[in-house]
Protein chains: 2
Amino acid sequence: MAKRSPSPEAVTAWARLMRVSRQLVEKTEDALKAGGLPPLAWYDVLHELAEAGEGGLRPFELIDRVLLAQYGVSRLLARLEAEGLVEKLPVSDDGRGQTVRITPSGRDMRRRIWTVYGASIAELMGDRLSADELKTLATLLARLRHPPIGN
Amino acid sequence: MAKRSPSPEAVTAWARLMRVSRQLVEKTEDALKAGGLPPLAWYDVLHELAEAGEGGLRPFELIDRVLLAQYGVSRLLARLEAEGLVEKLPVSDDGRGQTVRITPSGRDMRRRIWTVYGASIAELMGDRLSADELKTLATLLARLRHPPIGN
DNA sequence: TCCATATCGATGCATTTGCATCTATATGGA
DNA sequence: TCCATATAGATGCAAATGCATCGATATGGA
């Protein structure tokens, strides 16, 4: 089967996207480590659980939200639970599953991570592009999402 | 010390960038696996070495180009050498170092990876944004590079 | 020349990730 | 009701990664 070739513009944009996103992640992870804080993935999960409120979330609901594999979620939740940042509750109408809820100490950790994470975003994105440029960037990136959904 | 808060625009752009880049990498890695091909990192190294030509590159020169840690480069090169895709040559004027050169079979592998990788770029980027939009995206992303260099 | 320090690249060990599979419960059709 | 199949989540094992450190060579100053 014939494979297509990408346009030079597509290749350049791709290369920049790959390189920049990795640099930004690396810089942010470094800042978190320097502050004695856990990795970004912990923030992602704590953030989703905080948004979900008292009802919590089922582990399988986290898979798509934080872009982790099923076993990744399973193990990350085990670590978070061991640290007392989340709690697992049995769910009444499905004996296979559980509900995961953020604890007060989890909310506190989320806040502490955010002081570093947010500062990193401000420095690495906010300082480099104007509000308009950031909106343009966000709009273009939205068109690359999968599945492609409006906005 | 006081930490800054990022603007809402910066946060949105950041979130989109993180999510989209991970989705694109995942889709591309999946395509490579489906084709029985090695990961993207192998392509990155083979690409740099192919560009470098017969002179090859020193391992430490690859560190910044492919954004891997020193030990990551060391081990990846060991795997590539074991597969016969690169060869290590002693370098005359520095007894500590070596020069790494791509082999014919390495060039062939690079080509084979590109048929899948390039098609993935075409599908995931080229099909979704116009040439002008891709240029805009690339320009905005360039402003986020570290260190910030012109373009 | 000698020694302290820096650089290049490799590696032991612990942690993390990926893959495959497992157990347990749920669901739907015969 | 019973059984085949599907889904939720956990886990054993192998591979990859991160961290610290090592051995070897280079370099620069006393």
Side-chain angles (χ1 to χ4, degrees), chain A residues 22-23 25-45 48-49 52 55-83 86-101, chain B residues 22 25-45 48-49 52 56-83 86-101:
Chain A
R22 291 214 292 167
Q23 286 180 327
V25 168
E26 191 186 336
K27 287 220 160 238
T28 303
E29 295 279 15
D30 285 352
L32 290 173
K33 266 174 221 159
L37 293 166
L40 278 180
W42 289 38
Y43 180 85
D44 290 345
V45 168
E48 292 298 333
L49 291 176
L57 286 176
R58 300 285 299 268
F60 71 85
E61 295 180 289
L62 279 166
I63 294 176
D64 10 291
R65 303 193 195 211
V66 300
L67 295 185
L68 282 180
Q70 180 269 322
Y71 55 80
V73 169
S74 175
R75 293 204 259 230
L76 180 43
L77 288 175
R79 277 173 236 155
L80 293 173
E81 186 185 31
E83 298 288 329
V86 307
E87 55 190 351
K88 296 180 177 178
L89 312 162
V91 52
S92 51
D93 60 340
D94 188 340
R96 296 167 302 180
Q98 58 197 245
T99 288
V100 182
R101 197 164 58 187
Chain B
R22 292 216 291 167
V25 168
E26 191 187 335
K27 285 220 161 236
T28 303
E29 294 280 15
D30 285 353
L32 289 173
K33 265 174 223 160
L37 292 166
L40 278 181
W42 289 39
Y43 181 85
D44 291 344
V45 169
E48 293 298 333
L49 291 177
L57 286 176
R58 300 284 300 269
F60 72 85
E61 297 180 288
L62 279 166
I63 294 176
D64 9 291
R65 305 192 194 210
V66 302
L67 295 185
L68 282 180
Q70 181 270 322
Y71 54 81
V73 169
S74 176
R75 291 205 260 232
L76 180 43
L77 288 176
R79 275 172 239 154
L80 293 173
E81 187 186 29
E83 298 287 331
V86 307
E87 54 191 350
K88 296 181 178 178
L89 313 162
V91 52
S92 51
D93 61 338
D94 188 339
R96 297 167 301 183
Q98 57 196 244
T99 289
V100 183
R101 198 165 57 186

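All chains are named by letter (A, B, ...) in the order of the sequence lines, taking the proteins before the strands, and each is independently numbered beginning at 1.
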Which whole-number value in Å describes the distance from B:L32 CG to C:dG18 P? 15 Å

Measure from CG on B:L76 to C1' on C:dT11 and round the result to the nearest Å. 16 Å

Look at the side-chain N and O atoms of A:K88 and state whether any lies under 4.0 Å from the OP1 or OP2 oxygen of D:dA10. yes

Protein-nucleotide distance (B:D64, atom CG; C:dT7, atom C1'), rounded to Å: 14 Å

What does B:Q70 touch in the nucleic acid at a heavy-atom separation under 4.0 angstrom: a base, only the sugar-phosphate, or nothing? base

Which heavy atom in B:V66 sits nearest to a heavy atom in B:E48, and how many Å separate them? CG1-CG, 4.0 Å

How long is the line joining CG of A:L67 and P of C:dG18, in whole Å? 12 Å

Considering only heavy side-chain atoms of B:R79, the closest of D:dC13, D:dA16, C:dG9 is D:dA16

By nearest atom, which of the nucleotides C:dG9, C:dT25, D:dT17 is closest to the A:D94 side chain? C:dT25

Could you tell me whether the phosphate oxygens of D:dA10, OP1 or OP2, come under 4.0 Å of any side-chain nitrogen or oxygen in A:Y71? no

I need the single residue from B:V100, B:T99, B:L49, B:V45 that forms a side-chain contact (heavy atoms from CB on, under 4.5 Å) with B:L57. Which is it? B:L49

Could you check how far CD of B:E83 sits from P of D:dA15, rounded to whole Å? 13 Å

In this structure, how many angstroms lie between the C1' atom of D:dG18 and the CG atom of A:L40, rounded? 16 Å

B:R96 has a side chain; which of C:dT11, C:dC19, C:dT7 sits nearest to it? C:dT7

Counting side-chain heavy atoms from C-beta on, which of D:dG9, C:dG18, C:dT11 comes nearest to A:F60? D:dG9

Heavy atoms under 4.0 Å, any strand shown: does B:R75 hit a base, just sugar-phosphate, or nothing? base

Go nucleotide by nucleotide along DNA chain C from the 5' end; which of B:P59 and A:L68 gets its closest nucleotide reached first? B:P59

Scan every strand shown for a Watson-Crick or G-U wobble partner of C:dT5, both distances under 3.5 Å, and answer none if you come up empty. D:dA26

With no hydrogens and no angle check, is any side-chain donor or acceptor of A:R101 less than 3.5 Å from a backbone partner on A:A52? no

Rounded to whole angstroms, how far apart are CG on A:L62 and P on D:dA10? 12 Å

Which heavy atom of B:P59 sits nearest a heavy atom of B:Q98, and at what distance? CD-O, 3.3 Å

B:K33 side-chain N/O to C:dG18 phosphate OP1/OP2 under 4.0 Å: no

Give me the atom names and distance for the closest heavy-atom approach of B:R22 to A:L67. NH2-CB, 3.6 Å

With the side chain defined as heavy atoms from C-beta on, A:S74 is closest, among D:dT11, D:dG18, C:dG9, to D:dT11

